[in-house]
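Some notes on the structure that comes next.
Computed from a predicted model, the values in this text were never measured in an experiment. Throughout, numbering of the chain's residues begins at 1 and tracks the sequence.
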Amino acid sequence: MKSNTTNEATPTPFCNITEAVRRTGLSEHFIRKNIKSIPHCKSGKKYMISVEGLMEYALKTGESA
């Protein structure tokens, strides 16, 4: 019987700041400085950032990766 699983992980729509830096190439400083303008949710001290929203915000502000 064949399994339908793959070795590739599907990217999730939300990730922490470190993962967002790795995925987008934007600086951690830019993300932390503009966190209130970027779509996110916060649980305790951890920010979960919407990657799509982050990219839209970066394009709107003219920040490049």
Next item on the list: Measure the CZ-CD1 distance between F30 and I35 for me, rounded to the nearest 0.5 Å.
Entry: 10.5 Å
Checklist line | Audit row: N16, I49, side-chain contact (heavy atoms from CB on, under 4.5 Å) steps and yes/no | finding: CA-CA 6 Å; N16 62 24; I49 299 171; over 6 Å; no
Check: Which heavy-atom pair separates V21 from S27 by the least distance, and what is that distance?
Finding: CG2-C, 4.2 Å
Check: Which pairs pass side chain to side chain donor-acceptor pair (under 3.5 Å) with one or both residues in residues 40-60, sequence neighbours excluded?
Finding: N34-Y57
Item checked: I38 reachable from M48 in the ILVMFWY side-chain graph, under 4.5 Å edges -> no
Checklist line | Value rounded to 0.5 Å, distance of CD1 in I17 from CG in L26 | finding: 12.0 Å
Check: Who passes side-chain contact (heavy atoms from CB on, under 4.5 Å) against R23, sequence neighbours left out?
Finding: P11, T12, C15, E19, V51
